[in-house]
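First up is the structure itself, then whatever we jot down about it.
Because the structure is a prediction, the values reported are computed rather than measured.
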Amino acid sequence: MTYSNSRSKLDSATIDHDNNVFNVEGVKVYYGGLLALLDVYLKIPAKQIIAFIGPSGCGKSTLLRCFNRMNDLIPGAKVEGRLNYRDHNIYDPKVNSVKLRRQIGMVFQRPNPFPKSIYENISFGPRANGYKGNIDELVEDSLRRAAIWDEVKDKLKEKGTALSGGQQQRLCIARAIAMKPDVLLMDEPCSALDPISSRQVEELCLELKQQYTIIMVTHNMQQAFRIADFTAFFNTETDEHGKRRGKLVEFNSTVQMFNFPQTKEAEDYISGRFG
């Protein structure tokens, strides 16, 4: 299968090794003593969209959660290796994981607005963290950046849970933006949405990458091709004890990955031979 697109996208999608947000060096993840993700080496460039693709159980979401230490919240999870964010190892014991998550926000698979008003969904986090600016302006700006202001500006006192699924997801993105993050992590943000809502989120991501680095897990390869600048392909392998574990197979510009994959595993997955 060949994915046609402008060659300019391939030419422009070149990693600037002096402008990496993350540098992943030999990261392994264990759950309850079992190795779930094997030796990942990866550099994430700034203000780009990076898609993680691959079959279920290959470690995509596991690695995504490493970038803001969400795996810390999973009993029995352990991360080894070094994961540098802006040249600082986020797994250094001195790093405050709560403060880290303010800089590296996360949007989950299913929209999860607070059972509060639309206004409070946006204002709650900044207020709880001592925001001193104009909260009304912050709420409006965040909703505008998430491309939902015009739809909700007249019902800010209504509950966020009353919105449609696509609106709820954009509200959650606005909530993350309100914390003034540097990076947005998205774990299959469109999997629970209809095609129109999915397209709205995709268009929003293309807008947001002007200001944020976006790392997205997706099972939709067409989505990855449409919006990602770079794509990482993950797969599974079986160890000597018959246990499955995830691994990073290939990382490249999206056009290179989809048209000229460097590994047979990636070629087979992209062409639909498995997965």
Side-chain angles (χ1 to χ4, degrees), residues 3-25 27 40-54 59-68 70 83-88 90 100-107 145-147 169-170 173-174 176-177 179-190 198-234 248-262 266 270:
Y3 288 70
S4 61
N5 202 341
S6 166
R7 174 63 62 177
S8 63
K9 181 177 179 180
L10 175 58
D11 293 341
S12 64
T14 301
I15 297 178
D16 179 358
H17 290 287
D18 295 325
N19 192 28
N20 292 317
V21 177
F22 292 106
N23 187 0
V24 184
E25 300 177 346
V27 163
V40 176
Y41 290 85
L42 183 65
K43 293 183 178 181
I44 302 292
K47 294 184 179 179
Q48 304 284 301
I49 299 175
I50 292 85
F52 289 176
I53 65 170
K60 306 183 298 295
S61 294
T62 291
L63 181 61
L64 190 77
R65 290 192 297 267
C66 288
F67 289 112
N68 68 349
M70 289 293 289
L83 203 163
N84 284 352
Y85 165 63
R86 302 290 186 187
D87 296 325
H88 297 284
I90 67 172
L100 177 74
R101 292 179 196 127
R102 294 175 196 161
Q103 296 174 280
I104 306 170
M106 191 156 192
V107 177
R145 289 178 187 273
Q169 193 65 300
R170 281 182 285 146
I173 293 171
I177 290 172
M179 296 302 295
K180 305 294 185 183
D182 181 30
V183 178
L184 287 174
L185 308 177
M186 298 187 174
D187 194 357
E188 296 189 60
C190 300
S198 295
R199 187 59 183 170
Q200 289 174 325
V201 172
E202 289 178 14
E203 291 172 352
L204 173 58
C205 288
L206 291 171
E207 291 284 332
L208 292 177
K209 80 167 186 176
Q210 307 303 317
Q211 293 183 283
Y212 310 101
T213 302
I214 298 174
I215 309 175
M216 174 189 293
V217 169
T218 179
H219 277 289
N220 186 330
M221 287 191 291
Q222 288 75 24
Q223 180 178 76
F225 186 73
R226 282 192 297 266
I227 68 172
D229 299 286
F230 295 90
T231 298
F233 168 64
F234 294 77
L248 173 64
V249 176
E250 186 173 339
F251 179 60
N252 217 324
S253 72
T254 296
V255 171
Q256 180 76 41
M257 175 74 77
F258 279 78
N259 287 307
F260 312 104
Q262 301 300 297
I270 290 167

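Remark: side-chain polar atoms of K60 are paired, donor with acceptor, to backbone N or O of G54 under 3.5 angstrom. A donor-acceptor contact shorter than 3.5 Å is absent between the side chain of N20 and the backbone of F22. Between the side chain of R226 and the backbone N or O of E202, no donor-acceptor pair lies under 3.5 Å. The main-chain N or O of N23 is never found under 3.5 Å from a side-chain atom of E25 such that the two would form a donor-acceptor pair. The backbone N or O of F230 lies less than 3.5 Å from a partner atom in the side chain of T254, making a donor-acceptor pair. Using a distance-only test at 3.5 Å, with no hydrogens or angles considered, no donor-acceptor pair links the side chain of D229 to the main chain of Q48.
Expressed to the nearest 0.5 Å, how far CE of M70 lies from CD1 of I104 amounts to 12.0 Å. With rounding to the nearest 0.5 angstrom, the NE2 atom of H219 is 10.5 Å from the CD1 atom of I53. Summarising the geometry, atom CE belonging to M106 is positioned 5.5 Å from atom CG belonging to L185; distances are rounded to the nearest 0.5 Å. Rounded to the nearest 0.5 Å, atoms NZ (K47) and CD (Q210) are 8.5 Å apart. The structure places CD1 of I49 at 8.0 Å from CG of L208, a figure rounded to the nearest 0.5 Å. To the nearest 0.5 angstrom, M216 atom CE is 5.0 Å from Q223 atom CD.
Annotation for A224 and T218: closest pair CB-CG2, 4.0 Å, computed over non-hydrogen atoms. Closest heavy-atom contact between I90 and C66: CD1-O, 3.3 Å. Contact detail for I214 and C205: the closest heavy-atom pair is CD1-O, 3.6 Å. Here the closest non-hydrogen pair linking A266 and E250 is CB-OE1, 3.4 Å. Nearest approach of I177 to P181, heavy atoms of both residues: O-CD, 3.4 Å. Considering every non-hydrogen atom in both N68 and R101, the closest pair reads O-NE, 2.9 Å.
Between P189 and I173, the closest side-chain pair of non-hydrogen atoms is not below 4.5 Å. Residues Q256 and Q262 are in side-chain contact: their nearest non-hydrogen atoms beyond the backbone lie under 4.5 Å apart. Residues I44 and I215 have side chains in contact (heavy-atom distance under 4.5 Å, counting atoms from C-beta outward). F234 places a side-chain heavy atom less than 4.5 Å from the side chain of L63. Looking at F52 and L42, their side chains come closer than 4.5 Å, going by heavy atoms from C-beta outward.
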Exercise. Apply side-chain contact (heavy atoms from CB on, under 4.5 Å) to the pair N252 and T231, showing each step before the final yes or no.
Key: CA-CA 6 Å; N252 217 324; T231 298; over 6 Å; no
Quiz prompt | Step-by-step side-chain contact (heavy atoms from CB on, under 4.5 Å) determination, M221 to F258 | solution = CA-CA 9 Å; M221 287 191 291; F258 279 78; 3.9 Å; yes
Quiz item: Is there a side-chain contact (heavy atoms from CB on, under 4.5 Å) between V217 and M186 once you walk through the steps?
Solution: CA-CA 6 Å; V217 169; M186 298 187 174; over 6 Å; no
Exercise. Begin with the C-alpha distance, continue with both residues' side-chain angles, and end with the deciding distance and a verdict on side-chain contact (heavy atoms from CB on, under 4.5 Å) for V255 and F225.
Key: CA-CA 7 Å; V255 171; F225 186 73; 4.2 Å; yes
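Here Y85 and F67 keep their ring centres 6.0 angstrom or further from each other.
At most 12 heavy atoms of other shown residues, nucleotides or ligands fall within 6.0 angstrom of atom CD in E207.
The salt bridge (charged side-chain N to carboxylate O under 4.0 Å, His left out) search around R145 returns D141, not counting sequence neighbours.
Salt-bridge check for R86 with D182: passed, with a basic side-chain N closer than 4.0 Å to an acidic carboxylate O.
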